[in-house]
Structure formats: C-alpha cells, structure tokens
Amino acid sequence: MIRRLHSPAASDRRAPARALYDAACVSRRFVLLLALGALLALPASVGARSAAGSQPRPPARSAVVLPTRAHARSAVALPTLPGAPNCQLFPADNPWNQRVDRLPVAKDSAQLITRIGLSDPLHPDFGTVYAGAPNGIPYTIVSGQTPRVPVSFQYASESDGHDYPIPRGVAIEGGPSSTGDRHVILVDRDTCTDYELYSAYPHDGGRRWTAGSGAIFNLRSDRLRPAGWTSADAAGLPILPGLARYSEVAAGAIDHALRFTAPCTGNHYVYPARHVAPTCSGRFAPPMGLRVRLKASVNISRLPYQARVVAQALKLYGLILADNGSPWYISGAPNSRWNDSALHELDQLSGRDFQVVDTSSLPHPGL
C-alpha cells in the first residue's frame, strides 16, 4: 500500500483555509448553544404545547392564591367520614356541597329571617356530653358483614322498607333512654350507603326495631326522595351531610352546608327539600329547604378556633332548614374532643347576622 505524503509546501498552503473552516465550526457551535439556551429559558406557557394541539399549557395551580384554606379545600376535596374514607358525602354538585357565598340575597330575605328569629342567638346543638349522653346526632360506621335486622315504621308509606344494618349497642341520639328524636344513622363503609331512622327503638334485645320513619341514601348519588316524602328529617333530606364533625374542624375547614331548625316553617318546600311539616302560615313562613348564610361582613376573627371554623363554613356553604325546632339550632355529631365553651361563643351571632340566598342559579341535581 502506497502512503501519499504531503510536502510541507502543500500543507502550508492549506493552513489558512483550515483555520477559516475551524473558525466557522466554532461559530456555528456557539450559535447553536445560544439558541438552545434561549429555548430553555422560555416559560412553559410559551415554549411548551399540549399533545392535543398548539394551545399553551395553563399556568400552574400553585400560582393561584386562594383567600382561605377552606376555599382551597372546597375545590379539590369532598367531605368523607373517619372509618369510611372511600365514601364521599354525595357528589360535588350536591346541594350540601355547593358554595353559596357569591349568590345574590333573596328579595324576601329580611321577612324570612324575622320569622325564624331576628334576635335569637345561633346555637350549636352538639358538643361533648349533655344530660348524661353524647351531645348531638351520632352516626355509626358498619360494614357488609354487619347483621341486618327488620324495622317496621309508623309512616311506612313514606319510608324505605328494608332490613337495616343495626349492630348491638348502636349509637342513638340522646342515648338509649332518650325520649327525644332518637335518630339512628348507619353508614355502610363497603357500599357507601347511608341508613337513617327517626324515633328508633329496639325490641327483643335488638333483634327487631320500630321507627317513626326511615330513609336510605346512596352517598354516590344525587337522587332525591320522591316528592312529598319525609325521611328521618321533616324536610325529607338526609341528616348525615348536614352535621358538623370534629374531624373536619380539626383539619381546618367544613366543606359543606349545615342542618338547622326553626320554630316556624310553612306549608311548602323548596329544593332540595321534599316534605313539609308546617307550624305556621303566611306569605313569609320559611319553607323547608331554605338556604341561609352568615353575612360576609360579620367579623369572626375573634371567635375561638373551633367556633371560627364553623362560622367560616356558614359564610361559604350556609345552612339548610331541615326540621322544626328551636331557632338557629345547628346540628353536629358528638365528640369528646369538642370544646363546649369555645363552640358556645357562636351564641354571639344572631338571626340579624344571616341572610337568605337566592339559589335559583345553582344546579338542581336529582330532579
């Protein structure tokens, strides 16, 4: 093999051209590096495109500043129960989970508030212990393995006839010896079913029960009771989603409306209620299902923590009128960790701090 050798003269002649070539390569590399750096420096909303098209990516969620923790939670989470973490308390569009803080005030708000009780204080009808029994409306978590027992009803034509999963020692509102409403609420964590009884009494050692009325709700559904039907509540609504629960307050926010009572209710109902139990009459008799909220202007900053979390929920989600009773009594589940003194600071609020909201613009699922 003959190896060609270049003479020094020939090599010297190529040197200038080689230098120019090398310089050009360096220049190109430099330009490419500059271009790459510029691309990397572009913001994601400009330099990145979605796989589906040429629209820029939306800004990161963290860039949005929400005014309160409760506001932030309402956008991403639905209420669940300790012991049944896979069971949300109804879908996001359910009336119990709808916010009302931006809705207009109803035109007859002042007259309706007056009929409920303009000067009457707000009262938390729940806490630790009252009269020797847990204070509030309790609920019991059960499973698909809990034995079912037969229940017969006083108002059978408007009750869901079924065997109910009632364990021995089930929690009864007011305790086993109560002569009050005696609500029993059972949540099947396996099927996410809510069983509710009113005026429930055991017989034969709990092998059978009687009750005034009973209702069964699928927690994954917006389905309402048939029109004109009661439930374990006078308004024909579920009780469970309207209870204040200690676990929510401990976490920092109640993300749903609360249940309340009034001494005067009329002979008509509004969505989402399905039933009436009139105690008064007249044009401004409050209907079952009425939605009210705490006015945004009310200063709640000096309330103790537990009371303040409840009050914030009343601004965002409000109250739903669900039963006859004392004015402005709001419902919750009993818990030994409630601070009764702190909760009763809510008594500083009264009817004049509330307003009826116009919910006509909200979705009405279930109809």
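Side chains included, hydrogens not; waters and symmetry mates left out as well; all remaining heavy atoms used. Worth saying up front: this structure is predicted, and the values here are computed from it rather than measured.
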### Task
Quick one: do D233 and R274 satisfy salt bridge (charged side-chain N to carboxylate O under 4.0 Å, His left out)? Show the steps, please.
CA-CA 10 Å; D233 226 350; R274 308 298 282 163; over 6 Å; no
### Task
Carefully, step by step, assess Y317 and H256 under the rule ring-ring contact (aromatic ring centres under 6.0 Å, His included).
CA-CA 6 Å; Y317 293 90; H256 57 85; 7.3 Å; no
### Task
For R245, enumerate each residue passing the salt bridge (Lys or Arg N to Asp or Glu O under 4.0 Å) test, keeping only those at least two apart in sequence or located in another chain.
E248
### Query
Quick one: does R259's side chain get under 4.5 Å of W96's, heavy atoms only?
yes
### Task
Indicate yes or no for a side-chain donor-acceptor contact from S178 to the backbone of G180 under 3.5 Å, with no hydrogens or angles considered.
yes
#### Entry: Pair R220 + D194: basic N to acidic O under 4.0 Å
no
## Note on the structure
Q355 meets the side-chain contact (heavy atoms from CB on, under 4.5 Å) criterion, sequence neighbours left out, with V105, S109, R293, K295
### Query
Between G212 and S159, what is the shortest heavy-atom contact and its length?
O-OG, 4.3 Å
### Query
Which ILVMFWY residues are connected to L89, directly or by a chain of links, through side-chain heavy atoms under 4.5 Å apart?
L81, F90, I137, Y139, I141, I185, V187, F217, L219, I239, L240, L243
### Query
Side-chain contact, heavy-atom cut-off 4.5 Å: T359 with L103?
yes
### Query
Short question: side chain of E158, backbone of T230 - any donor-acceptor pair under 3.5 Å?
yes
### Message
Treating R223 as the side-chain partner and P365 as the backbone partner, does any N or O pair qualify as donor plus acceptor under 3.5 Å?
### Response
no
### Query
Do V309 and I254 come within less than 4.5 Å of each other through their side chains, counting heavy atoms only?
yes
### Query
Going by heavy atoms in the side chains, are L290 and I116 under 4.5 Å from each other?
yes
### Query
Could you give the distance from CG (L362) to CD (Q98), rounded to the nearest 0.5 Å?
4.5 Å
### Query
Where do D347 and H123 land on the side-chain contact (heavy atoms from CB on, under 4.5 Å) test, with the steps shown first?
CA-CA 6 Å; D347 292 354; H123 177 74; 4.0 Å; yes
### Task
Measure the CD1-CZ distance between I216 and R225 for me, rounded to the nearest 0.5 Å.
8.5 Å
### Message
Hydrophobic cluster membership, with links at side-chain heavy-atom distances under 4.5 Å among I/L/V/M/F/W/Y: are I320 and L122 in one?
### Response
no
### Trace of the side chain to side chain donor-acceptor pair (under 3.5 Å) decision for D125 with S331
CA-CA 5 Å; D125 197 21; S331 301; 5.5 Å; no
### Task
Give a yes or no answer on whether the side chain of D163 reaches the backbone of V151 with a donor-acceptor pair at less than 3.5 Å.
no
### Message
Against F260, only a single residue in W328, Y329, F354 fulfils ring-ring contact (aromatic ring centres under 6.0 Å, His included); can you say which?
### Response
W328
#### Entry: Pairwise distance CG(D120) to OG(S326) - rounded to 0.5 angstrom
9.0 Å
### Query
Cluster question for you: counting only ILVMFWY and a side-chain heavy-atom cut-off of under 4.5 Å, with indirect links fine, are V357 and V270 together?
no
#### Entry: salt bridge (Lys or Arg N to Asp or Glu O under 4.0 Å) involving D188 - partner list, sequence neighbours excluded
R148
### Query
So, for L237 and P272, which heavy atoms are closest and what is the spacing to 0.1 Å?
CD2-O, 3.2 Å
### Task
Starting from the C-alpha separation in whole Å, work towards a yes-or-no answer on side-chain contact (heavy atoms from CB on, under 4.5 Å) for L294 and I300.
CA-CA 10 Å; L294 185 62; I300 62 174; 4.0 Å; yes
### Message
Using a 6.0 Å cut-off, check whether atom OH of Y271 has over 12 heavy atoms from anything other than its own residue.
### Response
yes
### Message
side chain to side chain donor-acceptor pair (under 3.5 Å), that's the test. Do D323 and T261 meet it? Break it down for me.
### Response
CA-CA 5 Å; D323 200 359; T261 62; over 6 Å; no
### Query
Quick one: side-chain contact (heavy atoms from CB on, under 4.5 Å) partners of V276, sequence neighbours excluded?
N267, Y269, P278
### Task
State, yes or no, whether a side-chain contact exists between F284 and T114 at a heavy-atom distance under 4.5 Å.
no
### Co-membership, hydrophobic cluster, residues I330 and L112, 4.5 Å side-chain
yes
### Query
What's the verdict on side-chain contact (heavy atoms from CB on, under 4.5 Å) for R291 and D358, showing C-alpha distance, side-chain angles and the deciding distance?
CA-CA 8 Å; R291 193 74 171 261; D358 180 351; over 6 Å; no
### Query
Okay, side chain of E196, backbone of A215: is any donor-acceptor separation there less than 3.5 Å?
no
### Task
Look only at the side chain of H268 and the backbone of G266, and say whether a donor-acceptor pair between them is shorter than 3.5 Å.
no
### Task
Could you tell me the separation between the OG1 atom of T265 and the CG atom of N324, rounded to the nearest 0.5 Å?
3.5 Å
### Query
Is the shortest heavy-atom distance from the side chain of W338 to the side chain of N135 under 4.5 Å?
no
### Task
Starting from the C-alpha separation in whole Å, work towards a yes-or-no answer on side-chain contact (heavy atoms from CB on, under 4.5 Å) for S350 and S119.
CA-CA 6 Å; S350 68; S119 301; 5.8 Å; no
### Query
Shared ILVMFWY cluster between Y195 and Y155, side chains joined below 4.5 angstrom?
no
### Query
Rounded to the nearest 0.5 Å, what separation is found between the CG atom of D101 and the CG atom of L314?
12.0 Å
### Task
Of all the heavy-atom pairs spanning A133 and G175, show the shortest one and how long it is.
CB-N, 4.1 Å
## Note on the structure
Taking every heavy atom of R115 against every heavy atom of S281, the minimum-distance pair comes out as NH2-O, 3.2 Å
### Query
Minimum heavy-atom separation for P263 to T279, with atom names?
O-OG1, 2.9 Å
### Task
Answer yes or no: is there a donor N or O on one side and an acceptor on the other, between the side chain of Q306 and the main chain of A250, under 3.5 Å?
no
### Task
Indicate yes or no for a side-chain donor-acceptor contact from S199 to the backbone of R182 under 3.5 Å, with no hydrogens or angles considered.
no
### Task
Report yes or no: does T146 contribute a side-chain atom to a donor-acceptor pair with the main-chain N or O of S143 at less than 3.5 Å?
yes
### Any donor-acceptor N/O pair, D181 side chain to H183 backbone, under 3.5 Å
no
### Message
How close do L346 and A311 get, counting heavy atoms only, and between which atoms?
### Response
CD2-CB, 4.2 Å
### Query
Side chains of V298 and L349: closer than 4.5 Å at any heavy-atom pair?
yes
### Query
side chain to side chain donor-acceptor pair (under 3.5 Å) between S231 and H275: does it pass, once the steps are laid out?
CA-CA 8 Å; S231 62; H275 185 259; over 6 Å; no
### Message
A side-chain contact here means heavy atoms from C-beta on lying under 4.5 Å apart; do N94 and P241 qualify?
### Response
no
### Summary
When rounded to the nearest 0.5 Å, the distance separating CZ of R207 from CZ of R168 is 6.5 Å
### Message
The criterion is side-chain contact (heavy atoms from CB on, under 4.5 Å); which residues satisfy it with V149, sequence neighbours excluded?
### Response
I166, W209
### Message
Is there a path of hydrophobic side-chain contacts, each under 4.5 Å between heavy atoms, that joins V129 and L343?
### Response
no
